[in-house]
Amino acid sequence: MSEGAFQRMKDLPSAHLLGTGTPMCAGCGGLQALHEVYDVLGPRSVFVNAAGCMTLLSVYPFTPFRGSWLYTAMASAPAGAQGVRDALDILLGQQRMPREEDLDVVVLTGDGAAYGMGLSATSGAIERGLNFLYLCYDNEGYGNTGQQYSGATPHGALTATSHGARGYPGKKKDLFAIWTAHQPTYVATIIGTEPLDLARKVEKARSLKGPRLILALAPCPTGWDFDPQDTAEIGRLAVKSGAFPLKEYVDGKVVHTKRPHPRVPVEEYLRLQGRYRHLFEPSRDEPLIAEIQAGVDAYWAAVET
Ligand SMILES: Cc1ncc(C[n+]2csc(CCOP(=O)(O)OP(=O)(O)O)c2C)c(N)n1
Ligand code: SF4
Ligand SMILES: [Mg+2]
């Protein structure tokens, strides 16, 4: 893009940014996180998007971003990112593009792709040391197609494909650990309801090179079955209960950026969500509530020793 064209786009009123007239659900926690991440990243970014809810943001030939957008199949976003990065590097190497016009290459993906379908392509990209930022908004299911369970669905949650009396029988995969096992440059968890923690981590990720994961918990009123006005409260309770630890990995070390103390019981977080209604109605399922609480307690006991 020429500098003139870039300036003209940059000067558009902010109403042309994300969120205006998008077909997303009210109270979407993934969109909230994306807004905040984009505030830090700015227009010199190209999004490589795996099919999911955020795909609805862009309707060809328009995108709500001031930078560029490439849509890929669910499994292929890291491969798409490799192609874009390579193309930019060739243009820079041949001095056909000034260095100040370089773009941050950002994969934008849901958990269905990040924890499952796209994991092999992601692993390969990290292995190759691809210089990219990987932003996963994790709504803990295949949201765009009706919230089927994914590799990110937590134990006990009801989804369209786990609707028995005890919900999802499996356990959420640890994507943070899967990434850190690859020894990438940077890994962090964020949530839209902690904007300062989020902004600091995205700034840091942006200042580094190599494979970098930003993993956002994305409270999802539609898939988790709660009132859209509760998105912020549910996000806060995810952190205060310890169910969603805020942390980062850099230089081979994991640091928790917020240690909830004292932790509120995890049932306060679960109770607001219809996907856990079977834990409380028609009567309390004490063993399942205790099992979920024990999982959170075990996590923090390991951190604190
Ligand atoms: C290979 C493949 N299988 C299925 C689909 C249909 N599909 C489109 S979006 C989507 C859900 C993706 O889930 P996730 O990555 O968690 O994103 P979310 O929808 O939750 O935002 C599915 C299954 C697809 N596009 N490609
Ligand atoms: S289904 Fe969930 S993640 Fe998808 S747009 Fe709606 S609230 Fe957002
Ligand atoms: Mg999802």
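Just so you know, ligand 1 is whichever comes first in the structure, and atom 1 is the first atom listed for that ligand. In this chain, residues are counted from 1 in sequence order.
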Can you list the atoms of ligand 1 that are under 4.0 Å from a heavy atom of [X]?
X	value
G143	18 (P), 19 (O), 20 (O)
Y137	17 (O), 18 (P), 21 (O)
G141	16 (O), 20 (O)
A51	9 (S), 12 (C), 25 (N)
G112	14 (P), 15 (O), 16 (O)
A113	15 (O)
T145	7 (N), 10 (C), 11 (C), 22 (C), 23 (C)

task: For T109 and ligand 1, answer yes if some heavy atom of the residue is under 4.0 Å from a ligand atom, otherwise no.
output: no

salt_bridge(R275, E140) N-O dist < 4.0 Å: yes

field: Salt bridge present between K247 and D197 (N-O < 4.0 angstrom)
entry: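 No, K247 and D197 are not salt-bridged.
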
Do the side chains of [Y] and [X] get nearer than 4.5 Å, heavy atoms only?
X	Y	result
R200	T257	yes
Y186	P211	no
E304	R259	yes

Among protein heavy atoms, which lies nearest [atom], and at what distance?
atom	result
atom 8 (Fe) of ligand 2	C28 SG, 2.4 Å
atom 11 (C) of ligand 1	Y142 CD2, 3.6 Å
atom 9 (S) of ligand 1	N144 OD1, 3.5 Å
atom 6 (Fe) of ligand 2	C25 SG, 2.3 Å
atom 24 (C) of ligand 1	M74 SD, 3.7 Å

message: Tell me if the CD atom of Q95 is crowded by more than 12 foreign heavy atoms within 6.0 Å.
response: no

message: When you measure from atom 8 (Fe) of ligand 2 to the N, O or S atoms of C220, does any of those distances fall below 2.8 Å?
response: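 No - counting backbone and side chain alike, C220 has no N, O or S atom under 2.8 Å.
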
message: Suppose we only allow N, O or S atoms; which atom of D111 ends up nearest to the Mg ion (ligand 3)?
response: OD1

field: N139 backbone or side-chain N/O/S under 2.8 Å from the Mg ion (ligand 3)
entry: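 Of the N, O and S atoms in N139, at least one lies under 2.8 Å from the Mg ion (ligand 3), which means yes.
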
query: Can you tell me if G141 has an N, O or S atom under 2.8 Å away from the Mg ion (ligand 3)?
result: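 So G141 counts as coordinating the Mg ion (ligand 3), yes.
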
message: Heavy-atom pairs closer than 4.0 Å: do any link ligand 1 to the side chain of M117, the backbone, both, or neither?
response: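 For M117, the contact with ligand 1 is made by the side chain alone.
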
query: Just heavy atoms, cut-off under 4.0 Å: does D111 contact ligand 1 by side chain, backbone, both, or neither?
result: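 Contact part for D111 vs ligand 1: both backbone and side chain.
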
Donor-acceptor contact present, side-chain [X] to main-chain [Y], <3.5 Å:
X	Y	answer
T189	P245	yes
D251	K253	no
N49	L108	yes

task: Specify whether Y168 and Y149 have parallel, tilted or perpendicular ring planes, treating 30° as the upper limit for parallel and 60° as the lower limit for perpendicular.
output: tilted

query: At a 4.0 Å cut-off, with the gap strictly under it, does some heavy atom of N139 reach an atom of ligand 2?
result: yes

query: Touching ligand 2 at all, P221? Heavy atoms, strictly under 4.0 Å?
result: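 True for this residue.
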
query: Of the choices Q147, M24, M54, which has the non-hydrogen atom that lies closest to atom 5 (S) of ligand 2?
result: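 Among Q147, M24, M54, the closest heavy atom to atom 5 (S) of ligand 2 comes from M24.
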
query: For the rings on Y249 and H182, is their centre-to-centre separation under 6.0 Å?
result: no

query: Taking the six-membered ring for Trp, are the ring centroids of H261 and W300 within less than 6.0 Å of each other?
result: no

message: Which of the numbered atoms in ligand 2 are under 4.0 angstrom from any heavy atom belonging to C53?
response: 1 (S), 3 (S), 4 (Fe), 5 (S)

- prompt: Relative to the heavy atoms of T222, which atoms of ligand 2 are at a distance of less than 4.0 Å?
  reply: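 Ligand 2 atoms under the 4.0 Å threshold to T222: 1 (S), 6 (Fe).
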
message: Distance check, rounded to the nearest 0.5 Å: T122 atom OG1 versus Y134 atom OH?
response: 3.5 Å

